[in-house]
Amino acid sequence: MAAHRKSAHRKPKQRPFTGPAARTAATLALAGAATATSVGGAGAAPAEPAPTAAQVRAKVDRLYHDAEVATEKYNGAKEKEAAATRAVDALADEAARRTDRLNTARHTLGSMATAQYRTGTLDPALQLALSSDPDSYLERAAHLDRAGDRQTSLLSNIRRQLSGIARVKARADQETEALAARRAELDKHRTAIRTKLTDARTLLATLTAAERAAYERAADAAHGGGPATSADGSTAHPDRTVTGAHADRSAPRASVAAPNSRAARAVSFAHGAIGKPYVWGATGPNAFDCSGLTQAAWKAAGVSLPRTTYTQINAGQRVSRSELAPGDLVFFYSGISHVGLYIGGGQMIHAPRPGAPVRIAPIDQMPFAGATRVA
């Protein structure tokens with residue numbers, strides 16, 4: 001009886017769900033959890049606040065700067081790609097010349113072999129015994145010996161030609177691999193530039209018209225004032241070139257004389273470029289990037305500069321900021337990613353950034369990194 005009462009108070013043993021019952025229970029549990037989360041909202045991640053106009057402007061400035069860094073890397077990669085292309089072309093020309101010489105030697109050897117086949121191959125002693133004119137035969141034999149020596153020389157020459165062609169082709173294969181690597185590097189930097197500029201434009205599009213106008217004014221001030229103006233007072237559009245009679249002659253010219261005629265010509269060229277648009281990778285005559293402008297200015301003065309900011313800084317004698325003279329190259333940022341042409345009075349002419357044409361600007365608007373005197 002006691003055993004019966006004890007068993008009556010014992011809880012019935014629960015069996016675990018299996019099969020379809022288990023799947024149904026799991027589904028109901030997940031649905032309940034999802035409902036509780038959606039109702040309570042405790043687990044929902046808060047939406048990130050939209051960036052402020054100041055944050056957008058700071059990020060756009062950083063993107064433009066990064067794009068300029070990538071542009072200088074692109075310029076360097078393009079220079080190396082051009083050198084690799086010239087090397088491959090030169091090796092292809094050399095291989096063609098060597099192949100022509102090889103074919104000529106082979107033709108000569110083939111002609112000699114044909115002639116020997118036609119004259120037969122009698123034993124020389126027998127030919128002497130049968131000859132009615134031994135003296136004439138001996139003279140001909142001497143000629144045959146010399147011909148044999150020539151044939152041996154031709155064979156040696158052909159072997160040398162084949163070895164030389166193999167070496168040229170091996171070098172051409174190496175240069176072709178290097179060229180492919182240079183082109184891949186070029187594509188990488190090109191993609192980086194386009195991506196950063198696209199991101200900058202996308203961010204600017206999130207600003208109101210008033211905020212964007214304020215940004216443009218601040219950016220212009222940081223890079224040397226407003227858009228370049230022509231002699232008739234009209235504003236130069238950043239996507240249009242201002243040249244000839246419509247070039248900017250109202251911009252103040254340097255009062256400090258250039259140290260020599262070549263520096264004066266470089267400064268004069270830079271003044272003539274004011275108002276022309278910034279285009280990454282451009283070296284003129286209708287558009288420039290920063291190092292493209294300085295390279296073109298000194299080219300007009302008869303001096304060949306390397307293509308990039310980080311190579312131009314080593315293209316002359318380093319000078320301190322207090323020693324600057326018109327024509328000197330002035331460099332900015334720790335990575336030497338921007339360059340301008342000094343014109344005196346603390347001013348330079350430079351190609352600032354996309355959307356901002358070539359203009360005069362104070363050199364203290366950006367972090368000064370150094371200066372070089374070209375000539």
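Keep in mind that what you see is a predicted model, and the values were worked out from it rather than measured.
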Run the salt-bridge test on Arg98 and Glu94 with the 4.0 Å N-O cut-off and return the result as yes or no. yes
No-hydrogen, no-angle side-chain donor-acceptor test under 3.5 Å, Arg167 and Ser163: yes
Taking every non-hydrogen atom, the tightest pair across Ala258 and Pro326: CA-CB, 3.9 Å
CD (Glu79) and OG1 (Thr308) are apart, to the nearest 0.5 Å, by 6.5 Å
Glu175 side chain reached by Leu91 side chain, heavy atoms, under 4.5 Å: yes
Any ion pair linking Arg217 and Glu211 (charged N to carboxylate O, less than 4.0 Å)? no
Working to the nearest 0.5 angstrom, can you tell me the gap between Asn314 CG and Thr372 OG1? 7.0 Å
In terms of ring plane angle, is the pair His338 and Phe332 parallel, tilted or perpendicular, where the classes change at 30° and 60°? tilted
Checking Glu68 against Thr71: is there a side-chain donor and acceptor pair closer than 3.5 Å? no
Identify the two heavy atoms, one from Tyr310 and one from Gly76, that lie closest to each other, and give their separation to 0.1 Å. OH-CA, 3.8 Å
Rounded distance [0.5 Å steps], CD in Gln365 versus CD in Gln347: 9.0 Å
Can any side-chain N or O of Lys299 pair as donor or acceptor with the backbone N or O of Leu305 at less than 3.5 Å? no
State, to 0.1 Å, how close Pro362 and Met348 come at their nearest heavy-atom pair, and which atoms those are. O-CE, 4.2 Å
Going from CD1 on Ile165 to OG1 on Thr99, what distance comes out if it is rounded to the nearest 0.5 angstrom? 4.0 Å
Chi angles and distances behind the side-chain contact (heavy atoms from CB on, under 4.5 Å) call for Arg307, Lys78: CA-CA 9 Å; Arg307 178 64 182 91; Lys78 189 172 180 62; over 6 Å; no
So do Cys290 and Glu72 actually touch side chain to side chain, heavy atoms under 4.5 Å? yes
Say whether Leu162 and Val168 are linked into one hydrophobic cluster, either directly or through other cluster members, by side-chain heavy-atom distances under 4.5 angstrom. no
State plainly whether the residues Asp187 and Arg190 are in salt-bridge range, i.e. N to O under 4.0 Å. yes
Using a 4.5 Å cut-off on heavy atoms from C-beta on, say whether the side chain of Ile313 contacts that of Val339. no
Within-4.5 Å side-chain heavy-atom neighbours: Arg262 and Val303: yes
Cation-pi between Arg57 and Tyr215: NZ/CZ under 6.0 Å from ring centre and within 45° of the ring axis? no
Quick check: closest heavy atoms across Leu179 and Thr85, and the distance to 0.1 Å? CD1-OG1, 3.3 Å
I need the minimum non-hydrogen distance between Ala263 and Trp298, along with the two atoms involved. CA-CH2, 3.6 Å
Mind running side-chain contact (heavy atoms from CB on, under 4.5 Å) on Leu203 and Asp199 for me, showing each step along the way? CA-CA 6 Å; Leu203 278 171; Asp199 289 347; 5.5 Å; no
Report yes or no: do Tyr64 and Val279 belong to one cluster of Ile/Leu/Val/Met/Phe/Trp/Tyr joined by side chain heavy-atom distances under 4.5 Å? no
Ile360 versus Ile343: any side-chain heavy-atom pair under 4.5 Å? yes
Value for CG (Leu186) from NZ (Lys188), rounded to nearest 0.5 Å, stands at 11.0 Å
Within the distance-only criterion (no hydrogens, no angle test), does the side chain of Ser337 pair as donor or acceptor with the backbone N or O of Val69 below 3.5 angstrom? no
Nearest heavy atoms of Arg265 and Ala300, plus distance in Å: NE-O, 4.2 Å
Does the side chain of Gln55 come within less than 4.5 Å of Lys59's, by heavy atoms? no
If you measure only the distance, is there a donor-acceptor pair under 3.5 Å linking the side chains of Thr294 and Gln312? yes
Would you check if the side chain of Trp280 reaches a backbone N or O of Asn75 as a donor-acceptor pair within less than 3.5 Å? no
Is there a side-chain contact between Val358 and Ile349 (heavy atoms, below 4.5 Å)? yes
Would you call Leu329 and Tyr342 a side-chain contact if the rule is heavy atoms closer than 4.5 Å? no
Roughly how far apart are Asp289 CG and Thr283 OG1, rounded to 0.5 Å? 8.0 Å
Quick one: side chain to side chain contact (heavy atoms under 4.5 Å, CB included) partners of His189, sequence neighbours excluded? Lys73, Tyr74, Ala77, Glu185
Backbone of Ala325 reached by a side-chain donor or acceptor of Asp328 within 3.5 Å: yes
